[in-house]
**Student:** 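This is the structure I want to talk about, given as structure tokens.
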Amino acid sequence: MPKPRVIYWFRTDLRLHDSPALRAALDLKPECLYLIWTWDPHYVYRARVGPNRWQFLLDCQNDLSKSITKLNSKSKLFLIREAPQTLLPKLFKAWKITHLVFEKDTDAYASERDSKVMELAKEAGVEVVVRMGRTLYDPDELVKENKGKPTMSITQVQAAGSKIGDIARPIPAPKSLPDPGDTTLDFEQDKPTQDPDINAKQRDADEGSYNALSGPNGDFAVPTMEELGLKPATTPHRGGETIALKMLDDIIANEDYTATFEKPKTAPTAFAPQATTLLSPHLHFGSLSCREFYWRVQDVVSAYKGKASQPPTSLTGQLLFRDMYFGAQASLGYSFGQTYNNSHCRFIPWHLPSTIDTSTSLITGSYQIDSAQANQYFIRWREGRTGFPWIDALMRQLKLEGWIHHLGRHAVACFLTRGGCYVDWERGAEVFEEWLIDHEAACNIGNWQWLSCTAFYSMFYRCYSPIAFPKKWDKNGLFVKRYIPELANYPAKYIYEPWKAPIADQKKCGTLVKGDGSTSEDREGKFKTYPKPMFDFPSQREKCIQGMKNAYHIGLYGNDKKVLDGTWRELFSDGAEGPTGGVDELPGAMVREEATGEEDIGEQKVPKDAEVTKKGAKTSTTKAGHKRDASQGTLDNMVTRKKKK
DNA sequence: ATACACGTTGTTAGT
DNA sequence: TACTAACAACGTGTA
């Protein structure tokens with residue numbers, strides 16, 4: 001019987017340590033093993049990826065390739081510049097492949113892509129071997145053990161996980177690797193269409209990575225930032241398994257830190273060093289295995305003499321949240337990434353809603369400007385010019401370094417959505433997708449839903465203040481001063497609310513609080529400037545909470561008929577408190593046509609114990625005089641739940 | 001049916 | 001400094 005000729009296809013597993021799929025490939029005892037990466041135009045042109053994450057990916061690939069060559073001087077990471085769907089069938093033939101091996105990926109695009117590839121392999125008579133390795137538990141299994149439903153709470157994950165069984169111990173890295181076979185590519189390259197290039201703005205030169213299948217030198221090398229035409233990275237954080245394992249060693253060496261870690265007690269304002277591990281980008285690219293991390297930590301915790309922290313706040317608990325989001329994504333597919341058509345995401349009539357392609361029910365990547373003011377809020381938030389130093393420092397750190405502390409993400413996400421700007425969480429998620437070096441679709445989407453109180457979490461009245469919250473961690477504002485040099489001379493008293501500083505003090509500090517933040521111009525004569533706050537936070541917060549309360553009572557989810565067909569507007573047109581402002585200023589613009597008012601309202605959810613309060617009666621004065629069905633009566637008024645106790 | 005505890009990470013004013 | 005209660009109040013799971 002001929003020995004197997006195997007392609008190992010690297011994707012989100014850029015490592016040699018603890019790779020169950022790579023182990024499976026080696027267990028085939030192949031005659032030759034091709035270790036490849038397919039340069040997928042979906043990632044190059046269609047996913048939002050900024051220069052910092054590009055750099056991290058290239059770092060990981062170069063490091064892996066070097067490690068491979070150390071084990072076998074004839075081998076490396078063979079990077080081939082074509083989409084996997086067209087490339088792999090040609091490789092099967094050219095290289096006489098018998099087996100294709102890769103790690104399972106449950107991301108919406110990835111699972112679609114892999115189904116197609118498996119189909120093509122079957123046609124070519126190539127056996128496919130898939131192993132789970134990206135998460136602690138196989139997301140599909142997790143969902144199955146959760147009664148087939150998406151994992152929406154950490155207790156569900158723990159219950160389902162315990163049914164699956166113990167988390168596997170890490171597999172050591174291989175000590176040797178088989179030779180690759182002949183690497184001649186005697187076929188034409190299918191060049192992708194660049195348009196639409198969602199990453200055009202990331203480039204300052206032409207994208208040119210598809211010049212030849214095996215690269216400009218024919219050596220299958222990893223492309224450079226220059227080949228991709230990308231602007232240079234600005235992040236200090238670098239990728240690669242070598243760095244990841246060293247970082248893990250350093251963390252594990254500190255037993256107290258490892259065993260007593262409690263996420264809510266780590267300071268989002270710490271920057272030298274940061275308060276958390278910075279391992280998230282390595283988990284994303286697979287330059288570190290989550291099981292390697294889990295067991296290295298768990299062994300320290302088991303041997304720890306003092307009182308160790310527990311999930312979910314402990315270090316291993318962080319991995320459970322990751323698994324929770326992967327489970328939700330695996331179950332919900334593309335709809336997980338948006339409100340529209342999402343059965344588990346609440347509908348809130350945010351400003352700047354996504355435009356929907358009604359033929360696919362998917363968001364298009366662009367959005368509708370229903371409010372010029374909200375759009376200005378959004379731009380100022382994104383560019384770090386809101387006039388709230390805590391928010392601006394975080395957003396500037398994010399743009400520059402591609403990483404901010406988890407609680408910092410909470411602060412800016414709450415501020416953009418339910419606790420400030422009342423802007424759609426999908427806008428924020430897109431910015432994070434572009435800028436984060438650790439962007440993990442499942443976790444990013446899940447966390448934005450969490451913070452916007454549209455899924456996973458619901459206590460919208462718990463709202464982060466851009467002044468009180470950072471004070472708790474950094475009384476002197478050192479974090480703000482690092483990322484906003486204009487405020488470097490401001491005293492602690494005014495550092496989170498510089499607009500309160502008297503003009504004389506502002507002049508003494510060399511920076512005037514002036515302007516609406518519409519440009520990055522920050523000089524006026526001999527003074528620097530820093531923008532005025534874009535709104536009064538306490539009153540804006542109050543409006544948002546009222547808007548959330550109203551939307552919660554109406555109780556629509558993303559897959560509700562009224563959301564899908566646009567008739568949700570009827571429910572919000574009267575008495576809708578909050579920044580959306582009722583009939584005169586319709587909230588959101590999710591669909592292409594106005595509501596007809598003739599739709600069935602049978603699915604409407606009315607709280608059983610709803611009653612009209614004094615406050616509600618006051619705000620519910622009908623302005624437009626719409627004719628209403630009887631069942632909508634209670635909704636037209638501001639209803640509230642009966643107070644318990 | 002109803003009550004109650006709980007939920008990774010709020011804020012403010014008190015002790 | 002470290003805790004607590006009140007604030008006004010969400011959904012889910014369990015008893």
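We use all heavy atoms of the structure for the numbers below, so side chains are in, but hydrogens, waters and symmetry mates are not. The chains referred to below are lettered A, B, ... by the order of the sequence lines, with proteins before strands, and numbering in each begins at 1. Not measured: the values here are computed from a predicted model.
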**Student:** Got a donor-acceptor contact below 3.5 angstrom from the A:Asp392 side chain to the A:Arg385 backbone?
**Tutor:** yes

**Student:** Distance check needed: C:dC10 P versus A:Gln449 CD, whole Å only.
**Tutor:** 21 Å

**Student:** With distance as the sole test, does A:Asp370 use its side chain to make a donor-acceptor pair with the main-chain N or O of A:His351 at under 3.5 Å?
**Tutor:** no

**Student:** Can you tell me how far P in B:dT9 sits from the matching atom in C:dT1, rounded to whole Å?
**Tutor:** 24 Å

**Student:** Are A:Arg169 and A:Asp299 close enough for a salt bridge, meaning some N to O gap below 4.0 Å?
**Tutor:** yes

**Student:** Check every atom of B:dT9, C:dG11, B:dT12 against the side chain of A:Tyr552 and return the nucleotide holding the closest atom.
**Tutor:** C:dG11

**Student:** Might you work through the ring-ring contact (aromatic ring centres under 6.0 Å, His included) test for A:Tyr377 and A:Phe388, ending with a clear yes or no?
**Tutor:** CA-CA 12 Å; A:Tyr377 289 166; A:Phe388 293 96; 9.9 Å; no

**Student:** Between A:Lys305 and A:Glu255, does any NZ, NE, NH1 or NH2 come within less than 4.0 Å of an OD or OE carboxylate oxygen?
**Tutor:** no

**Student:** Contact class for A:Trp473 (heavy atom, under 4.0 Å): base, sugar-phosphate, or nothing?
**Tutor:** nothing

**Student:** Got more than 12 heavy atoms from elsewhere within 6.0 Å of NZ, A:Lys265?
**Tutor:** no

**Student:** Using only side-chain N and O atoms of A:Lys265, determine if any of them is under 4.0 Å from OP1 or OP2 of B:dT9.
**Tutor:** no

**Student:** Base, sugar-phosphate, or nothing: which does A:Arg346 touch, judged by heavy atoms less than 4.0 Å apart?
**Tutor:** sugar-phosphate

**Student:** When we call it a touch if two heavy atoms are under 4.0 Å apart, what does A:Phe469 touch: a base, just sugar-phosphate, or nothing?
**Tutor:** sugar-phosphate

**Student:** The side chain of A:Ser465 lies closest to which of these nucleotides: B:dT9, B:dT11, B:dG7?
**Tutor:** B:dT11

**Student:** If you check every side-chain atom of A:Tyr461, which of C:dG11, B:dT8, C:dA9 has the closest atom?
**Tutor:** C:dA9

**Student:** Please determine whether a side-chain nitrogen of the Lys or Arg among A:Lys399 and A:Glu383 lies less than 4.0 Å from a carboxylate oxygen of the Asp or Glu.
**Tutor:** yes

**Student:** Taking only the side-chain heavy atoms of A:Lys549 (C-beta and beyond), determine which of C:dG11, C:dA9, B:dT9 contains the nearest atom.
**Tutor:** C:dA9

**Student:** Contact class for A:Gln318 (heavy atom, under 4.0 Å): base, sugar-phosphate, or nothing?
**Tutor:** base

**Student:** Expressed in angstrom and rounded to an integer, what is the separation of A:Tyr496 atom OH from B:dG10 atom P?
**Tutor:** 17 Å

**Student:** Which nucleotide in the list B:dT11, B:dT8, C:dG11 gets nearest to the side chain of A:Lys472?
**Tutor:** B:dT11

**Student:** Between B:dT12, B:dT8, B:dG10, which one does the side chain of A:Thr313 approach most closely?
**Tutor:** B:dT8

**Student:** Examine C:dG13: is either OP1 or OP2 under 4.0 Å from a nitrogen or oxygen in the side chain of A:Gln156? Give yes or no.
**Tutor:** yes

**Student:** Measure from the side-chain heavy atoms of A:Ser458 and tell me the nearest of B:dG10, C:dC10, B:dT8.
**Tutor:** C:dC10

**Student:** Considering only the P atoms, how many Å lie between C:dA9 and B:dG7, rounded to the nearest integer?
**Tutor:** 22 Å

**Student:** Does the structure show a Watson-Crick or G-U wobble partner for B:dC4, both distances under 3.5 Å? Name it, or say none.
**Tutor:** C:dG13

**Student:** Between B:dC6 and C:dA8, how far apart are the two P atoms, rounded to whole Å?
**Tutor:** 23 Å

**Student:** Distance check needed: C:dC10 C1' versus A:Tyr457 OH, whole Å only.
**Tutor:** 9 Å

**Student:** For the pair made of CD in A:Gln158 and C1' in B:dG7, what is the distance, rounded to whole Å?
**Tutor:** 12 Å

**Student:** Can you tell me the base-pairing partner of B:dT11? Count Watson-Crick or G-U wobble geometry only, both distances below 3.5 Å, and say none if there is no partner.
**Tutor:** C:dA6

**Student:** I need the CD-C1' distance between A:Glu542 and C:dA9, as an integer number of Å.
**Tutor:** 13 Å

**Student:** Could you check how far CE of A:Met548 sits from P of C:dA9, rounded to whole Å?
**Tutor:** 13 Å

**Student:** Nearest whole Å is fine: how far is B:dT11 P from A:Ile545 CD1?
**Tutor:** 11 Å

**Student:** If you check the A:Arg462 side chain, which of B:dT11, C:dC10, B:dT9 turns out closest?
**Tutor:** B:dT9

**Student:** What's the gap between B:dT8 and C:dT14 when it is taken at their P atoms, as a whole Å value?
**Tutor:** 14 Å

**Student:** Whole Å only: how far is the CG atom of A:Leu556 from the C1' atom of C:dG11?
**Tutor:** 17 Å

**Student:** Under 4.0 Å from OP1 or OP2 of C:dC10: is there any side-chain N or O of A:His553 that close?
**Tutor:** yes

